[in-house]
**Student:** 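Following this message is one structure expressed as structure tokens.
Here the structure is a predicted model, which means the values were calculated and not measured. Convention: sequence-line order gives letters A, B, ...; per-chain numbering from 1.
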There are 2 protein chains.
Amino acid sequence: MGKGEETRQTILDSAVALASQVGISGLSVGSLAEKTGMSKSGLFAHFGSKEEMQLAVVRATQELFLETVMRPALREKRGLPRLRAIVANWLVWARRSRLPGGCPLAAAAHEFDGQPGPVRDEVSHALGLWRRALADAIGKCVEAGDLRPDTPVEQVAFEINGLVLACLQDSQLFQDPESEQRAMTAFDRLMSHHAPNPAKE
Amino acid sequence: MGKGEETRQTILDSAVALASQVGISGLSVGSLAEKTGMSKSGLFAHFGSKEEMQLAVVRATQELFLETVMRPALREKRGLPRLRAIVANWLVWARRSRLPGGCPLAAAAHEFDGQPGPVRDEVSHALGLWRRALADAIGKCVEAGDLRPDTPVEQVAFEINGLVLACLQDSQLFQDPESEQRAMTAFDRLMSHHAPNPAKE
DNA sequence: GAATTTATAGAACGTTCGTTCTTTTTTGTC
DNA sequence: GACAAAAAAGAACGAACGTTCTATAAATTC
């Protein structure tokens, strides 16, 4: 493989950052060409169509997300410490990855939820995978004895997703610096509610 | 005022529904003119610029939201019953208002959070007002004795917003019919956690 | 019902869109 | 370094974009 793949990755890096600000449907071949210093046609040749370009951006965002959120958390001890690291990384991943407009996948979920098509399917698939990974991490907490055996894993995954979404909205829209701590407070309360030892309340 | 205001409202009704599917930045004068059966210029004259049109759509969505979510809940008894009605209405408001693509305001929050300007400000303002209204409703629960006096009102508002966002994402993106019940389960657990009588757990 | 204001339509503008060509430059191979 | 392959640029396309004009139709006023 030659240098084509390399520039393609360069393009996608810029594309993910730009999509963070203007959304994935807001991406245009022209604006992206200008940002990367390439010609419209030269850039276009890497994808073949705008839709393929959008799909590539979704997949690139997904990879960046896993690299930023999941992989560092794997160094934590399996169970609650790892889950807590996942949530903590998740809350700040857009900032850490220099995505000034927030998570492009979360935005895309809203953008495309009313527009059937391949992009919507890819976004839905990516978020579905992530939700399953999150539920798995919660299940590991149960196995490790950090959570009670009757913990409703899917329900907890749902609620964690919710408090992350709330944090992202507040930090992006209101620039509320407290939102991360709010989310972690809610997370800890949720965990202690399902904790096995009677350290409730 | 003549019939101009009337057709303007007709346009906005269509615009809100269309924005639900394609987003507020996805609205174009041409597509909206086609949907309403008007000419591009005839429609355009009602707003003067695209940005003014977008602002009008944000405000129209806000009014529709309050009418659908808040006003019916005012018939419930002040305190927890009313708060519960607000949340229940909120969870289904897009469906009830025939907005197939979900809440345009929630989508706009993501669309514009990376793009400063009047539209972003209006969205931020609208959601800020709503958050305050939500916090007030929670405060009324404290006053009514349905929640403990030390209830962290802002924190609870944050968490309720989160579980609604989670529900909207799941129902829109995964078409999960259980998401509403998941959200209500989380809501009830949250309420019982801050309940005054020791009916905890 | 004529006059006047208001609302809508129609045509056209410059720009940007996604896309398709052809041509030039760069890259990798012998 | 010549040669083939791959990558990028350049020019151009029809369509849609937001917007501005001018002209027609409708509603309101007298």
**Student:** Starting at CE of A:Met38 and ending at P of D:dA8, how long is that distance when rounded to a whole Å?
**Tutor:**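 Nearest whole value for this atom pair: 5 Å.
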**Student:** Can you list, pair by pair, the side-chain donor-acceptor contacts under 3.5 Å of residues 68-80 of chain B, counting residues two or more places apart and other chains?
**Tutor:**
unit_1	atom_1	unit_2	atom_2	d
B:Thr68	OG1	B:Leu64	O	2.6
B:Thr68	OG1	B:Ser97	OG	3.2

**Student:** Taking CD from B:Glu5 and P from C:dT8, how many angstroms apart are they, rounded to a whole number?
**Tutor:**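 Result: 11 Å.
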**Student:** Could you tell me which residues satisfy side chain to side chain contact (heavy atoms under 4.5 Å, CB included) with B:Gln115, sequence neighbours excluded, listed by chain and number?
**Tutor:**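 Scan of B:Gln115 (side chain to side chain contact (heavy atoms under 4.5 Å, CB included), adjacent residues dropped) gives A:Val22, B:Phe112.
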**Student:** Between B:Leu32 (CG) and D:dA16 (C1'), how many Å, whole number?
**Tutor:**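 For the pair B:Leu32 CG and D:dA16 C1', the rounded distance is 15 Å.
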**Student:** How many whole angstroms separate atom CZ of A:Arg8 from atom C1' of D:dA7?
**Tutor:**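 Between C1' of D:dA7 and CZ of A:Arg8: 14 Å.
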**Student:** Taking side chain as C-beta onward, heavy atoms only, is B:Arg59 less than 4.5 Å from B:Leu55?
**Tutor:**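 Side chain of B:Arg59 against side chain of B:Leu55, heavy atoms only: contact under 4.5 Å found.
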**Student:** Give the rounded distance in Å between these two atoms: CD of A:Gln54 and P of C:dC17.
**Tutor:**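 Those two atoms, CD and P, are 14 Å apart.
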**Student:** Does any residue of residues 9-29 of chain B have a heavy atom under 4.0 Å from DNA chain D, and if so, which ones, in number order?
**Tutor:**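 The stretch gives B:Leu27, B:Ser28, B:Val29 as the residues lying under 4.0 Å from the strand, ordered by number.
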**Student:** Taking salt bridge (Lys or Arg N to Asp or Glu O under 4.0 Å) as the definition, give me every residue that meets it alongside B:Glu111, ordered by chain and number, with sequence neighbours left out.
**Tutor:**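 B:Glu111 satisfies salt bridge (Lys or Arg N to Asp or Glu O under 4.0 Å) with no other residue.
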**Student:** Suppose we screen for side chain to side chain contact (heavy atoms under 4.5 Å, CB included). Which residues come up paired with A:Gln172, at least two apart in sequence or across chains?
**Tutor:**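 Scan of A:Gln172 (side chain to side chain contact (heavy atoms under 4.5 Å, CB included), adjacent residues dropped) gives B:Asp113.
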**Student:** In residues 125-145 of chain B, what donor-acceptor pairs under 3.5 Å come from side-chain atoms, sequence neighbours left out?
**Tutor:**
unit_1	atom_1	unit_2	atom_2	d
B:Arg131	NH1	A:Asp170	OD2	3.0
B:Arg131	NH2	A:Asp170	OD1	2.9

**Student:** Mind listing the side-chain donor-acceptor pairs of residues 175-183 of chain A below 3.5 Å, one per line with the distance, residues two or more places apart or on another chain?
**Tutor:**
unit_1	atom_1	unit_2	atom_2	d
A:Asp176	OD1	A:Glu178	N	2.9
A:Asp176	OD2	A:Arg182	NH1	3.4
A:Ser179	OG	A:Asp176	O	3.0
A:Glu180	OE2	A:Arg95	NH2	2.1

**Student:** Run the side-chain donor-acceptor check on residues 38-50 of chain B: report pairs under 3.5 Å with partners two or more places apart or on a different chain.
**Tutor:**
unit_1	atom_1	unit_2	atom_2	d
B:Ser39	OG	B:Gly42	N	3.0
B:Ser49	OG	B:Glu52	N	3.1
B:Lys50	NZ	B:Leu27	O	3.2

**Student:** Expressed in angstrom and rounded to an integer, what is the separation of B:Glu34 atom CD from D:dC17 atom C1'?
**Tutor:**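 Those two atoms, CD and C1', are 14 Å apart.
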**Student:** Below 4.0 angstrom, which residues in residues 40-51 of chain A have at least one non-hydrogen atom near DNA chain C?
**Tutor:**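 Close to the strand are A:Lys40, A:Ser41, A:Phe44, A:Ser49, A:Lys50.
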